[in-house]
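Heads up, the thing below is written out as C-alpha cells.
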Amino acid sequence: MPVFALVDCNNFYVSCERVFNPRLAGKPVIVLSNNDGCAVARSNEAKALGIEMGAPVFQIREIIRNNQVQVYSSNYALYGDMSRRVMRTLARFTPKMEVYSIDEAFLDLSHFGRFDLTAYGRRVKTTVEQWTGIPVSIGIAGTKTLAKIANRLAKYSHKAGGVLDLSDGKYLGQALEAVAAADVWGVGRKHAKFLADRKIRNARQLRDADDSVIRKKMGVVGIRLLNELRGISCYSLEQSPPQRKSIVVSRTFKNEIESLDELLEAVSAYVSSGAEKLRKEKLAAGKLTVQLTTSRFRENYCRDSMAVKLPVQTHDTAELIGCARDGLRKIYKKGYRYKKVGIVLHDLSPENLVQASFLDAVDRERSEKLMRAIDLINDDMGSGAIQYGAVGWSRSQGWKTAFRHRSPSYTTRWDQLPEVG
DNA sequence: TCTGGGGTCCTAGGACCC
DNA sequence: TCTGGGGTCCTAGGACCC
C-alpha cells in the first residue's frame, strides 16, 4: 500500500515576502498577478478580511485602504528561488519525491511503516520552517487525492497543528465529511455545480456516489477521482517530470490595443522569450499557434487563433518570429480593441532528434551559432541586452507588463541583497 | 477606468482511408 | 436507385490544476 505525504507551503508568495520583511508578520498581506490585476496570494489575515483568491484589485480597493493591507507585485525570481530551497530541504526526508508545483511536493512514505508518521511529519515541518522560513502543512494518506484532503484539514484545523495523518483510515469518514465536494482535488467550478444540483455536498457523499452518474458528466477522470477517494491509488508518484508538451507565452496588456504594429511587436517579444526557453531546454518546436483576444469582460468578446506549421522543427528566434507575425496578420481584424496576445509552441522534440529536410531553406549551422551568441550575450549582460528589431524599441510600448509594488530579488541579484544594519 | 499566466488531459467532430 | 463501418489522425474547445 502506498503512502503519500503532500507538503504544501502556506500562502507561499506571501510567506516569501515575509521572510525578507518580518514586519509583515501578523498583518494582512496580498501578492498580485501580472499587471497588478488580481490577488493571487493572501495571508490568513487578508483571507479573514474577505479577500477572495483571484479578486480583482479594483474591487477590493476599499478593503485594502481601510485595513492597511500590504500589497506586493509578483516577484517570480524570488519565489522560484525560495521554492528550490524548500524542495532541497524536503528531499532529505524521503528517497522518492515529486515536485508537484512551485509550492507543493508529494513525498513517498510507503516504507516508513515503522515510524509514527505524524511525528515524522512534524519533523519535516519544523525543519523546513527553520531552514527556509517558509511555513508548511502536511497531509498524509494512501492516495494523492486523500493526501490533498488531509493537507487541507491539517491547514485549517487547530487540533492538527499543521500535520494530519489519515493513512490508517480510522478517521477517514469523518475527514471526508468535513471537506466540501467543491474543494476536492479535481472538482472545479462546473463539476461543483453539477454535484451540488445532485445534493452531493461533501467528499464522503462524492466517494459514495453512483459511478455511472459521475462517469457521464466527468468522464474517466471522474471515475479515477472516485477510486482515489475510496483508497485505490490511481495517480502514482512522478519522480522525473515527463517531457514538456508545450510552451506558452501570453500577456494581458495594460491598455487595449488596436494597432497591428503594436500587436506585432508584442507577439515578437513573446516569441523571443519562448524561443529562449526552447533553447534552454534543448528543444525545438514544430508548430506555433498565435492567439489574439479582446477583453473577456466586455461585450463582443472575441478570440481567434491560428496554428502555423514550421517546415522544420526549430528554435531559431527569427524563424519563429516570422511565422508568428504571418499568423497574427491573418487573424487580426481592424477595429477590434485587443487585450491580450499569446503564442504556444508545440510539437516539441529534443533538438538533437530534429528531422532534417532537403527543402530546408535555412542554414542550420549558422542559425545555431547565432542563437548561441545571442543567448551568451543575454546571459552575461542581462536578458534583453540584445534583441530582434521586430520587438520594437519605443519607450511607450503599451503592451509591457506593469509591476508597481515589486519587492527586490533578494536572493538572485547581487545588487538587491538585503542589508542588515 | 481597472479582471494573471502556464500547464495537462480528455472529448467530440471532421477528414481520410480501407 | 440502393450507399457501411471501423480505425486513425488532427484540431478545437472544455475542464481542471497551481
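Lettering of chains follows the sequences in order, A, B, ..., and the numbering in each one begins at 1.
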[X] [atom1] to [N] [atom2], straight-line distance once rounded to whole Å:
| X | N | atom1 | atom2 | value |
| --- | --- | --- | --- | --- |
| Y76(A) | dG5(B) | OH | P | 8 Å |
| K254(A) | dG4(B) | NZ | C1' | 15 Å |
| K340(A) | dC2(B) | NZ | P | 16 Å |

Using OP1 and OP2 only, check whether a side-chain N or O of [X] sits under 4.0 Å from [N].
| X | N | answer |
| --- | --- | --- |
| R337(A) | dT1(B) | no |
| R251(A) | dG6(B) | yes |
| S250(A) | dG6(B) | yes |
| R61(A) | dT1(B) | no |

Students often get this wrong, so: under 4.0 angstrom with heavy atoms, is [X] touching a base, only sugar-phosphate, or nothing?
| X | result |
| --- | --- |
| I247(A) | sugar-phosphate |
| N34(A) | sugar-phosphate |
| S305(A) | nothing |

Closest approach to the side chain of [X], judged atom by atom: which nucleotide of [options] is it?
| X | options | answer |
| --- | --- | --- |
| V248(A) | dG4(B), dT3(B), dG6(B) | dG6(B) |
| T252(A) | dG4(B), dG7(B), dG6(B) | dG4(B) |
| F58(A) | dG7(B), dG5(B), dT3(B) | dT3(B) |

Give each protein N/O atom lying under 3.5 Å from an N/O atom of nucleotides 15-18 of chain C, with the pair distance.
{"residue": "dA15(C)", "atom": "OP2", "partner": "K190(A)", "partner atom": "NZ", "Å": "2.9"}
{"residue": "dA15(C)", "atom": "O3'", "partner": "H191(A)", "partner atom": "NE2", "Å": "3.4"}
{"residue": "dC16(C)", "atom": "OP1", "partner": "G188(A)", "partner atom": "N", "Å": "3.1"}
{"residue": "dC16(C)", "atom": "OP1", "partner": "H191(A)", "partner atom": "N", "Å": "2.8"}
{"residue": "dC16(C)", "atom": "OP2", "partner": "R189(A)", "partner atom": "N", "Å": "3.3"}
{"residue": "dC16(C)", "atom": "OP2", "partner": "K190(A)", "partner atom": "N", "Å": "3.1"}
{"residue": "dC16(C)", "atom": "O5'", "partner": "G188(A)", "partner atom": "N", "Å": "3.3"}
{"residue": "dC16(C)", "atom": "O3'", "partner": "G186(A)", "partner atom": "O", "Å": "3.4"}
{"residue": "dC17(C)", "atom": "OP1", "partner": "G186(A)", "partner atom": "N", "Å": "2.5"}
{"residue": "dC17(C)", "atom": "OP1", "partner": "V187(A)", "partner atom": "N", "Å": "3.1"}
{"residue": "dC17(C)", "atom": "OP1", "partner": "V187(A)", "partner atom": "O", "Å": "3.3"}
{"residue": "dC17(C)", "atom": "O3'", "partner": "W185(A)", "partner atom": "NE1", "Å": "3.2"}
{"residue": "dC18(C)", "atom": "OP1", "partner": "K148(A)", "partner atom": "NZ", "Å": "2.5"}
{"residue": "dC18(C)", "atom": "O3'", "partner": "S101(A)", "partner atom": "OG", "Å": "2.6"}
{"residue": "dC18(C)", "atom": "O3'", "partner": "D103(A)", "partner atom": "OD1", "Å": "3.0"}
{"residue": "dC18(C)", "atom": "O3'", "partner": "E104(A)", "partner atom": "OE2", "Å": "3.1"}

Do the side chain of R406(A) and the main chain of S74(A) share a donor and acceptor less than 3.5 angstrom apart?
yes
N/O donor-acceptor pair under 3.5 Å between S250(A) side chain and G342(A) backbone
no
Can the ring centres of F4(A) and W185(A) be said to be less than 6.0 Å apart?
no
Among K148(A), K155(A), R152(A), the one residue meeting salt bridge (Lys or Arg N to Asp or Glu O under 4.0 Å) with D8(A):
K155(A)
Under 4.0 Å between a Lys/Arg side-chain N and an Asp/Glu carboxylate O for [X] and [Y]?
| X | Y | result |
| --- | --- | --- |
| E45(A) | K27(A) | no |
| K144(A) | E98(A) | yes |
| K287(A) | D347(A) | no |
| E17(A) | R23(A) | no |
| R230(A) | D211(A) | yes |
| R298(A) | E256(A) | yes |

Set out, line by line, the N/O atom pairs under 3.5 Å between protein and nucleotides 10-14 of chain B.
{"residue": "dC10(B)", "atom": "OP1", "partner": "R224(A)", "partner atom": "NH1", "Å": "3.2"}
{"residue": "dC10(B)", "atom": "OP1", "partner": "R224(A)", "partner atom": "NH2", "Å": "3.1"}

Starting at the 5' end of DNA chain C, which residue's closest nucleotide do you reach first, R303(A) or K287(A)?
K287(A)
Candidate pair N11(A) and K47(A), rule side-chain hydrogen bond (donor to acceptor under 3.5 Å, both in side chains), full reasoning:
CA-CA 10 Å; N11(A) 314 329; K47(A) 289 177 190 173; 2.8 Å; yes
For DNA chain B, what is the dot-bracket line, given that a base pair needs Watson-Crick (N1 to N3, plus N6-O4 or O6-N4) or G-U wobble (N1-O2 and O6-N3) geometry with both distances under 3.5 Å, and | means paired with another strand?
....||||||||||||||
Does NZ or CZ of K340(A) fall inside the cone over F253(A)'s six-membered ring, less than 6.0 Å from its centre and within 45° of the axis?
no
With rounding to the closest Å, how many angstrom separate the C1' atoms on dC16(B) and dG4(C)?
15 Å
